[in-house]
Amino acid sequence: MSIEVNLKTAQEMGLTADEFEEIKKILGRVPTYTELGVYSVMWSEHASYKNSILQLKRLPRSGKNLLVSAGEENAGLVDIGDGLAVAFKIESHNHPSAVEPYQGAATGVGGILRDIFTMGARPVAALDSLRFGNPEGPRVKYLFENVVKGIADYGNAFGVPTVAGEVYFDECYDENPLVNAMAVGIVRHNRVAKAASIGVGNLVMIVGSSTGRDGIHGATFASEDISEASEAKRPSVQVGDPFTEKLLLEATLEAIDAGLVVGIQDMGAAGIACSTSEMSAKGSTGMDVNLDLVPLRESDMSAYEIMLSESQERMLVVVKPSDEEAIKKIFTKWDLNAEVVGKVTDDGILRIRRFGRIEAEVPSKTLALGEGAPVYVRESKRPEYLDKLAGIDIASLPEPSDYNDVLKRLLSSPNIAAKNYVFEQYDYMVGTNTVVLPGQGDAAVIRLERWAASSKGKKRGLVMKTDCNSRYVYLEPMAGAEHAVVEAARNIACVGGKPLAITNCLNFGNPYKPEVYYQFERAIEGITKACTELETPVTGGNVSFYNESPNRTVYPTPVIGMLGLIEDSAKSLRANFTRENDLIAVIGPERPEMGGSEYLKVVHDTVGGVVPKVDYAYEKSLHAFLQEAAMNGLLHSAHDVSEGGIAVTLAECCILDRDAKLGAKIAMDFSMRRDWTLFAEGGGRVVVSYHPDRSEEVHALLKAYHLPVEILGVVSGDALQINDTIAVKVEELEGIYFGLLPGKFRITAAV
């Protein structure tokens with residue numbers, strides 16, 4: 001039974017009238033229902049990037065260490081020497097997680113892991129970046145707990161360590177949480193797999209799980225605002241199986257290592273529709289696919305349903321006819337489907353058959369990202385709120401009377417308080433290669449000795465971090481995006497690593513709103529400037545628009561996932577003080593930059609002010625100093641001054657090692673208002689500690705890099721004492737920060 005196709009049908013699938021007319025023009029006729037469905041998912045924002053791709057092309061997408069350009073393959077690929085490369089990428093699963101948080105988050109992890117091992121890389125680490133609303137709200141608690149559990153259950157069962165991440169809370173995310181998942185993998189240069197369909201006559205195979213009705217139209221679901229109707233779209237959320245994914249990983253890598261794979265792509269958003277069309281477009285070929293041969297969970301599925309299903313743990317593989325049996329043998333050994341469903345053709349047409357009929361016959365290039373999909377530049381308008389919030393008179397806000405109370409309030413803020421409840425659910429030690437654990441340092445470190453067999457004696461490691469202060473981006477999109485890149489790089493440097501490249505996950509509202517598009521444009525400018533200055537090219541990533549509900553739009557949140565390299569992972573620096581009587585110093589200029597600070601939000605319930613400016617010459621010198629000082633063993637700790645300012649940073653340095661409980665005696669020069677000195681977040685400063693005997697070497701190196709430094713005091717006692725302004729026992733600070741004291745905020749299921 002055929003379904004009538006007209007403009008109403010197209011609009012119900014998320015296409016515009018102009019797009020429907022363009023499809024008819026391409027085909028020279030009215031599309032079939034299956035064809036219309038395929039175009040609707042492939043031309044959705046989630047799959048085509050039609051409102052963002054022209055802006056994305058402004059990003060620095062090539063560099064000396066990149067082996068593929070951004071968007072060329074399933075993930076970015078960075079050369080780290082010794083014949084090794086790192087595949088890494090970050091993506092969003094925001095809308096599915098808002099509707100079904102457990103499966104939405106779990107399948108987000110599964111999808112990004114497949115992007116990595118489809119490249120031929122073995123995943124070695126996972127990270128995340130999470131945003132939720134007011135944690136006191138019952139629905140926010142439900143979303144938070146189930147998202148974390150979904151990430152933990154999938155990653156733990158699959159067997160990849162989740163080593164780093166970030167969790168922030170703000171009312172703007174009440175109805176639309178952000179769930180961004182990042183994965184990192186290692187591959188040898190001669191084992192990299194490509195995502196192109198080449199070789200006319202080669203076979204097209206589907207491997208992995210069977211196809212069901214879950215996830216149909218998931219790509220279009222992710223390309224519209226969250227509304228009351230979203231709850232009815234629970235079937236658009238896929239269901240993941242990490243145990244099957246683990247089998248798929250091993251089978252896929254075995255097939256690639258055996259040289260049996262011509263091309264391969266994960267079936268993520270838009271399922272078979274996406275993998276067949278994109279692989280064909282990249283290879284300048286076509287495909288003839290018989291859906292009768294697809295392994296199905298329900299035999300009565302239509303061509304439309306099979307093409308658009310987003311069932312998890314599936315791959316599309318192109319192989320030579322002579323290798324069919326060898327491929328089947330490998331996947332059968334791992335208890336997975338491996339069925340030939342078609343062949344590669346030379347006509348550039350994606351031809352889909354079902355029950356003896358041709359259900360779709362379309363030029364593959366008209367479906368693919370960057371090829372035939374429509375491209376738009378939306379109206380851009382500077383939001384009026386920017387000038388209003390920037391003009392807030394922060395100097396008129398009263399100074400607090402009790403600085404001990406302010407410090408305690410900041411430490412109990414959900415944006416600063418310890419996130420142990422989150423990362424203790426993750427198996428961050430699986431594989432036993434994690435050097436710097438969650439909560440120990442400013443970035444995660446994974447040792448590379450297992451893979452660098454040709455480099456005996458080397459103890460190099462991968463360093464990785466996700467970062468974004470979305471409040472900064474809200475107040476000034478360009479400057480805020482710069483900060484996201486620069487702080488990620490500073491965090492990499494704080495453990496002793498050298499920043500190499502980034503991936504990004506750009507979370508914004510509805511691009512059809514001029515103010516939102518302005519935020520997006522300016523954020524792209526900020527990332528471009530920062531990555532160009534720091535020589536950290538963009539390897540790829542994800543754009544997630546429509547993160548809003550009828551009541552509000554989320555803060556613009558361009559999350560940065562940064563990759564770095566450390567020459568000796570054994571010399572990685574932690575954030576906490578480690579030795580009694582060490583000197584404590586702060587590197588970097590003191591500036592009265594309070595705009596967007598956690599202090600203003602927590603103490604004065606104010607979001608506003610001018611976002612701190614970035615000094616790139618200073619930042620590059622700082623990074624180089626930290627790398628050299630770490631490798632020469634000059635420092636015992638390094639911790640970036642960020643949310644909460646230097647007072648919170650010093651408190652964290654005292655309490656992050658819960659066994660040591662080392663206090664600090666600090667004498668600061670209050671050359672400006674005390675609350676500004678203690679709680680300002682600008683300046684790109686880092687608190688370091690070192691042995692007094694190394695003081696001369698440390699300061700000589702600082703001088704060589706032209707870095708300002710102020711000696712603050714010594715590691716001593718059982719309290720944090722700052723002049724006569726703050727004096728709190730470390731044990732009390734620890735209880736507040738880790739949620740051990742009654743009445744304080746605790747990020748747990750019992751909140």
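The structure displayed is predicted, hence computed values, not measured ones. These numbers come from the heavy atoms of this one structure, side chains and all, not from hydrogens, waters or symmetry mates.
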Handout entry: Inter-residue atom distance Phe169.CZ - Asn415.CG, 0.5 Å rounding
Key = 7.5 Å
State, without any angle test, whether [X] and [Y] hold a side-chain donor-acceptor pair at a distance under 3.5 Å.
{"X": "Tyr154", "Y": "Gln312", "answer": "no"}
{"X": "Glu548", "Y": "Asn510", "answer": "no"}
{"X": "Asn542", "Y": "Ser92", "answer": "yes"}
{"X": "Asn551", "Y": "Glu175", "answer": "yes"}
{"X": "Tyr546", "Y": "Asn94", "answer": "no"}

Looking at every non-hydrogen atom in both residues, tell me the closest pair between [X] and [Y] and how far apart they are.
{"X": "Leu113", "Y": "Pro123", "result": "CD2-CB, 3.8 Å"}
{"X": "Gly540", "Y": "Thr503", "result": "O-OG1, 3.0 Å"}
{"X": "Leu656", "Y": "Gly439", "result": "CD2-O, 3.7 Å"}
{"X": "Thr466", "Y": "Asp128", "result": "OG1-O, 3.1 Å"}
{"X": "Ile527", "Y": "Ile502", "result": "CG2-CD1, 4.0 Å"}
{"X": "Asn507", "Y": "Asn180", "result": "ND2-OD1, 2.8 Å"}

For the residue pair [X] and [Y], establish whether any side-chain heavy-atom pair is separated by less than 4.5 Å.
{"X": "Leu410", "Y": "Val406", "answer": "yes"}
{"X": "Asp170", "Y": "Arg131", "answer": "no"}
{"X": "Met594", "Y": "Leu397", "answer": "no"}
{"X": "Asp174", "Y": "Asn134", "answer": "yes"}
{"X": "Leu407", "Y": "Ile736", "answer": "no"}
{"X": "Asn576", "Y": "Cys653", "answer": "no"}
{"X": "Leu389", "Y": "Tyr474", "answer": "yes"}
{"X": "Phe158", "Y": "Val109", "answer": "no"}

Practice task
Verify whether the ring centers belonging to Phe545 and His46 lie closer than 6.0 Å.
Solution key: no
Give a yes or no answer on whether the side chain of [X] reaches the backbone of [Y] with a donor-acceptor pair at less than 3.5 Å.
{"X": "Glu399", "Y": "Arg673", "value": "no"}
{"X": "Ser597", "Y": "Leu600", "value": "yes"}
{"X": "Glu313", "Y": "Asp241", "value": "yes"}
{"X": "Tyr517", "Y": "Asn51", "value": "yes"}
{"X": "His93", "Y": "Gly104", "value": "yes"}
{"X": "Asp442", "Y": "Asp640", "value": "yes"}
{"X": "His483", "Y": "Pro612", "value": "yes"}

Practice task
Show the numbers, then the answer: is there a side chain to side chain contact (heavy atoms under 4.5 Å, CB included) between Leu59 and Asn504?
Solution key: CA-CA 11 Å; Leu59 295 168; Asn504 56 43; 3.9 Å; yes
Parallel, tilted or perpendicular: ring planes of [X] versus [Y], cut at 30 and 60 degrees:
{"X": "Phe132", "Y": "Phe144", "result": "perpendicular"}
{"X": "Tyr428", "Y": "Phe423", "result": "perpendicular"}
{"X": "Tyr555", "Y": "Tyr173", "result": "perpendicular"}

Problem - Test salt bridge (charged side-chain N to carboxylate O under 4.0 Å, His left out) applied to Lys381 and Glu379, step by step - result: CA-CA 7 Å; Lys381 179 183 177 183; Glu379 181 186 353; over 6 Å; no
Residues [X], [Y]: salt bridge by 4.0 Å N-O rule:
{"X": "Arg382", "Y": "Asp387", "value": "yes"}
{"X": "Glu525", "Y": "Arg58", "value": "yes"}
{"X": "Glu171", "Y": "Arg552", "value": "no"}

Handout entry: Trace of the side chain to side chain contact (heavy atoms under 4.5 Å, CB included) decision for Ile560 with Lys465
Key = CA-CA 8 Å; Ile560 302 300; Lys465 185 70 169 69; over 6 Å; no
Exercise for the section: Verify the neighbour count for atom NZ of Lys601: are there more than 12 heavy atoms of other residues, nucleotides or ligands below 6.0 Å? Expected result: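 Buried by this count: over 12 neighbours within 6.0 Å.
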Handout entry: Among Arg522, Arg471, Lys613, salt bridge (Lys or Arg N to Asp or Glu O under 4.0 Å) partner for Glu476
Key = Arg522
Exercise for the section: Apply side chain to side chain contact (heavy atoms under 4.5 Å, CB included) to the pair Val648 and Tyr599, showing each step before the final yes or no. Expected result: CA-CA 10 Å; Val648 166; Tyr599 167 74; over 6 Å; no
